[in-house]
Amino acid sequence: QLQAFGGGLVQAGGSLRLSCAASGRSFRTYAMGWFRQAPGKEREFVAAISWSVSMTYYADSVKDRFTISRDNARNTVSLQMSSLKPEDTAVYYCAVVKGPGATMKSGNYDYWGQGTQVTVSS
């Protein structure tokens with residue numbers, strides 16, 4: 001089970017930190033990622049990190065503004081978001097791949113959290 005939290009309302013230019021806690025089993029050997037879905041739009045990739053933390057991937061739209069990290073000892077993955085823009089408004093989901101390599105393809109993810117709302121006001 002994955003539980004995402006940390007969303008909220010923030011002004012443009014502000015920062016938020018999302019976290020996702022895994023329970024029920026260890027995901028330390030699995031890659032993890034974040035996706036988001038805005039109203040009326042399809043779910044899109046945001047960031048991913050391999051199990052060893054050696055590889056990270058970012059969507060072009062968030063590169064240099066968002067940072068993904070993980071704590072394998074605590075079974076958590078985080079997304080530090082800065083310089084937020086109104087177009088970052090969406091429900092953010094964490095997800096896990098049953099494999100070590102990070103991927104940007106949502107279809108490759110096996111477990112999904114329930115999502116946390118991020119709203120950026122202009």
Side-chain angles (χ1 to χ4, degrees):
Q1 183 176 1
L2 299 172
Q3 180 76 33
F5 53 94
L9 173 64
V10 63
Q11 288 188 332
S15 299
L16 275 177
R17 183 179 180 86
L18 305 183
S19 292
C20 177
S23 62
R25 63 177 300 166
S26 172
F27 292 107
R28 64 188 63 190
T29 61
Y30 295 161
M32 304 181 81
W34 288 93
F35 289 76
R36 67 186 182 186
Q37 187 167 18
K41 295 187 177 181
E42 294 186 353
R43 185 168 52 191
E44 65 175 0
F45 168 78
V46 176
I49 187 167
S50 65
W51 78 274
S52 65
V53 197
S54 62
M55 296 295 294
T56 56
Y57 298 100
Y58 295 92
D60 289 341
S61 59
V62 306
K63 202 170 293 183
D64 299 325
R65 299 188 298 122
F66 291 10
T67 301
I68 189 171
S69 61
R70 67 186 294 166
D71 184 337
N72 286 337
R74 297 186 177 186
N75 231 15
T76 61
V77 62
S78 298
L79 185 69
Q80 178 66 45
M81 307 185 294
S82 60
S83 302
L84 283 162
K85 305 174 181 180
E87 50 263 43
D88 294 319
T89 295
V91 177
Y92 283 71
Y93 300 89
C94 60
V96 171
V97 180
K98 288 176 64 178
T103 174
M104 296 182 285
K105 297 181 179 180
S106 62
N108 290 348
Y109 285 78
D110 301 285
Y111 303 101
W112 292 84
Q114 86 292 353
T116 184
Q117 176 71 47
V118 172
T119 303
V120 184
S121 62
S122 58

Nearest-0.5 Å distance that lies between atom NZ in Lys98 and atom CG in Asp110
5.5 Å
What are the two closest non-hydrogen atoms of Ala38 and Ala90, and how far apart are they?
N-CB, 3.8 Å
Side-chain contact, heavy-atom cut-off 4.5 Å: Leu79 with Val46?
yes
Which is it for Tyr111 and Val97 under the side chain to side chain contact (heavy atoms under 4.5 Å, CB included) test, yes or no, and what are the steps along the way?
CA-CA 7 Å; Tyr111 303 101; Val97 180; over 6 Å; no
Would you find a donor on one side and an acceptor on the other, under 3.5 Å apart, between the side chain of Thr89 and the backbone of Thr119?
no
Close side-chain approach of Met81 and Val10, heavy atoms under 4.5 Å
no
With a 4.5 Å limit on heavy-atom distance, are the side chains of Tyr57 and Ile68 in contact?
no
Should Lys85 and Asp88 count as an ion pair when the cut-off is N to O under 4.0 Å?
no
What are the two closest heavy atoms between Asn75 and Ser26, and how far apart are they?
ND2-CA, 3.5 Å
When every non-hydrogen atom of Ser83 is compared with those of Arg65, the smallest separation belongs to O-NH1, 2.9 Å
Give a yes or no on whether Val91 and Val96 share a hydrophobic cluster (residues Ile, Leu, Val, Met, Phe, Trp, Tyr; joining criterion: side-chain heavy atoms under 4.5 Å apart).
no
Roughly how far apart are Ser61 OG and Phe45 CZ, rounded to 0.5 Å?
9.5 Å
Charged tip of Arg70 within 45° of Trp51 ring normal and under 6.0 Å
no
For Asp64, is the CG atom crowded, meaning more than 12 foreign heavy atoms sit under 6.0 Å from it?
no
To check you understand the geometry: which heavy-atom pair defines the closest contact between Leu16 and Leu84, and what is its length?
N-CD1, 3.9 Å
Do the non-hydrogen side-chain atoms of Ser69 and Gln80 ever get within less than 4.5 Å of each other?
no
Let me check something: do Val120 and Val62 share a hydrophobic cluster, defined by ILVMFWY side-chain heavy atoms less than 4.5 Å apart, either directly or through other members?
yes
When you look at Cys20 and Trp34, which way does the side chain to side chain contact (heavy atoms under 4.5 Å, CB included) test go after all the steps?
CA-CA 9 Å; Cys20 177; Trp34 288 93; 3.8 Å; yes
Describe, in one word, how the ring planes of Phe66 and Tyr92 are oriented to each other, choosing from parallel (under 30°), tilted (30 to 60°) and perpendicular (over 60°).
tilted
Any donor-acceptor pair under 3.5 Å linking the side-chain atoms of Arg74 with those of Thr76?
no
Min side-chain heavy-atom separation Leu18-Arg36 under 4.5 Å:
no
Under 4.5 Å between any side-chain heavy atoms of Glu44 and Phe35, yes or no?
no
Donor on one side chain, acceptor on other, Ser78 and Ser19, under 3.5 Å
yes
Side chains of Val77 and Phe27, heavy atoms from C-beta outward: is any pair under 4.5 Å?
no
d(Gln11 CD, Ser121 OG) to nearest 0.5 Å is 5.0 Å
Keeping Ser50 on the side-chain end and Met55 on the backbone end, is there a donor-acceptor pair under 3.5 Å?
yes
Heavy-atom pair of closest approach, residues Gln114 and Leu2
OE1-O, 3.5 Å
Taking all heavy atoms of Cys94 and all of Ala4, pick out the closest pair and write down the distance.
SG-CB, 4.1 Å
